[in-house]
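For the numbers below, each heavy atom of this structure counts, side chains included, while hydrogens, waters and symmetry mates do not. Keep in mind that what you see is a predicted model, and the values were worked out from it rather than measured.
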Amino acid sequence: MNRDWIATARTLSEALPYLQRYSGAVVVVKFGGNAMGDDEAMAEFARDIVLMKQVGMNPVVCHGGGPMINELLGKLGIESKFVRGKRVTTKETVEVVEMVLSGLVNKRIVQAINDAGGRAVGISGKDDDLMVCEVDDPELGFVGRPVEMNVQIIRDLYRAGLIPVIAPVATGMADNETFNVNGDTAAGAIAGALRADRLLLLTDVAGVKDANGEVLTAMHPDQVREMIADGTIAGGMIPKTETALEALQDGVRAVVILDGRVPHACLLELFTEHGAGSLIRSTPPSTRPRGLRQGDAGL
């Protein structure tokens with residue numbers, strides 16, 4: 001037992017350079033996938049977010065909720081149609097999407113964070129016109145593409161000691177217009193508008209893999225584009241990496257695609273040398289301070 005205590009103390013001590021480095025940093029975390037429906041995984045995620053806030057970071061949570069939307073649509077007898085793998089969002093469907101995302105899912109995450117000792121506030125892209133969208137693809141209906149971001153409300157919340165939890169539902173240019181926004185897209189747009197230090201995209205895979213199936217721990221945008229072009233990056237990883245590239249162009253310092261199923265994935269990524277996923281960064285650092293993983297020196 002004493003050895004366990006000593007190991008815990010050593011882990012905390014080794015985390016010191018990272019705790020110092022991320023003090024005051026804005027970190028946007030996209031939370032989604034199967035973990036959202038698991039009470040234990042939800043509680044663990046919430047504790048990690050509270051810890052990030054406690055040590056001086058400014059975490060901003062953006063979430064999805066596809067499985068919950070599918071479940072309620074099925075109960076209501078509303079058929080889901082898909083075009084090229086993307087849900088067609090009709091006026092009837094978008095009302096259900098808003099109920100699930102802004103209501104059930106958002107408040108479940110808020111409650112979990114509050115239960116863990118944090119102070120969370122749930123909002124959507126509609127609040128204070130945070131996210132204004134236009135139609136992304138006419139075939140998809142009310143699926144939005146962010147064209148205007150007003151993130152002062154997020155800054156006001158985290159500066160007041162609160163943790164913003166954001167549902168990816170947005171307003172449009174016309175009155176009474178509601179858009180469903182892909183969770184990764186919304187998180188990338190929010191991170192870009194905040195010029196966040198990190199955007200963490202939690203997914204159900206270990207990260208971006210090369211042609212041999214090995215996870216790449218550090219990547220450059222040119223490498224990502226080449227891998228998309230040659231088909232190494234395919235399927236659902238394409239929109240995630242494209243979101244990463246857009247976020248970097250908008251001023252995010254680095255994006256990490258990591259496996260949200262791994263216990264304490266965010267803490268492993270932020271506070272350990274090895275990290276926990278694929279870090280994508282525009283400009284390789286010229287120096288590497290002791291204790292920081294290769295390709296990830298400095299904010």
Side-chain angles (χ1 to χ4, degrees), residues 28 30-32 60-110 120-160 162-196 199 239 242-243 246-247 249-251:
V28 177
K30 161 54 186 2
F31 181 52
V60 176
V61 178
C62 184
H63 63 82
M68 291 77 167
I69 294 170
N70 291 337
E71 183 179 351
L72 185 54
L73 287 173
K75 289 180 179 178
L76 296 174
I78 301 174
E79 182 182 358
S80 293
K81 296 182 180 179
F82 294 84
V83 174
R84 295 181 297 277
K86 296 182 178 181
R87 186 196 307 275
V88 176
T89 305
T90 64
K91 187 172 182 61
E92 182 182 30
T93 304
V94 80
E95 293 178 350
V96 176
V97 168
E98 184 167 21
M99 283 191 294
V100 173
L101 294 181
S102 296
L104 174 65
V105 177
N106 187 270
K107 300 315 173 190
R108 184 180 293 173
I109 297 171
V110 166
V121 172
I123 61 175
S124 79
K126 283 187 171 183
D127 289 289
D128 201 28
D129 282 341
L130 165 60
M131 186 160 45
V132 181
C133 289
E134 61 183 15
V135 174
D136 186 35
D137 182 340
E139 286 190 84
L140 298 177
F142 291 91
V143 173
R145 176 172 59 85
V147 293
E148 181 181 323
M149 301 296 297
N150 303 292
V151 294
Q152 188 58 45
I153 186 173
I154 300 177
R155 294 193 183 100
D156 290 343
L157 288 171
Y158 68 63
R159 287 170 179 169
L162 301 168
I163 300 171
V165 180
I166 305 164
V169 176
T171 188
M173 296 292 187
D175 291 342
N176 298 317
E177 197 171 33
T178 300
F179 282 102
N180 175 24
V181 185
N182 174 273
D184 290 332
T185 300
I190 290 167
L194 289 170
R195 293 186 174 272
L199 168 60
E242 289 179 340
T243 292
E246 291 174 7
Q249 290 178 348
D250 289 341

Chi angles and distances behind the side chain to side chain contact (heavy atoms under 4.5 Å, CB included) call for Phe179, Val135:
CA-CA 8 Å; Phe179 282 102; Val135 174; 3.8 Å; yes

Gap separating the [atom1] atom of [X] from the [atom2] atom of [Y], nearest 0.5 angstrom:
X      : Y      : atom1 : atom2 : answer
Thr90  : Asn180 : OG1   : CG    : 10.5 Å
Ile123 : Ile153 : CD1   : CD1   : 4.5 Å
Asn150 : Met131 : CG    : CE    : 11.0 Å
Leu199 : Thr243 : CG    : OG1   : 8.0 Å
Lys107 : Ser102 : NZ    : OG    : 8.0 Å
Thr171 : Asp127 : OG1   : CG    : 10.5 Å

Which atom of Ala193 lies closest to which atom of Val151, heavy atoms considered:
CB-CG1, 3.5 Å

Which heavy-atom pair separates Ala170 from Val181 by the least distance, and what is that distance?
CB-CG2, 3.9 Å

Side chain to side chain contact (heavy atoms under 4.5 Å, CB included) between Asn182 and Val143, worked out:
CA-CA 8 Å; Asn182 174 273; Val143 173; over 6 Å; no

Residues 61-74 side chain polar contacts: donor-acceptor under 3.5 Å, at least two apart:
from, atom 1, to, atom 2, distance (Å)
His63, NE2, Asn106, ND2, 3.2
Asn70, OD1, Arg87, NH1, 3.0
Asn70, OD1, Arg87, NH2, 2.6
Asn70, ND2, Gly66, O, 3.4
Glu71, OE2, Lys75, NZ, 3.4

Suppose we screen for salt bridge (charged side-chain N to carboxylate O under 4.0 Å, His left out). Which residues come up paired with Glu134, at least two apart in sequence or across chains?
Arg145

Qualifying residues under side chain to side chain donor-acceptor pair (under 3.5 Å), relative to Glu177, sequence neighbours excluded
none

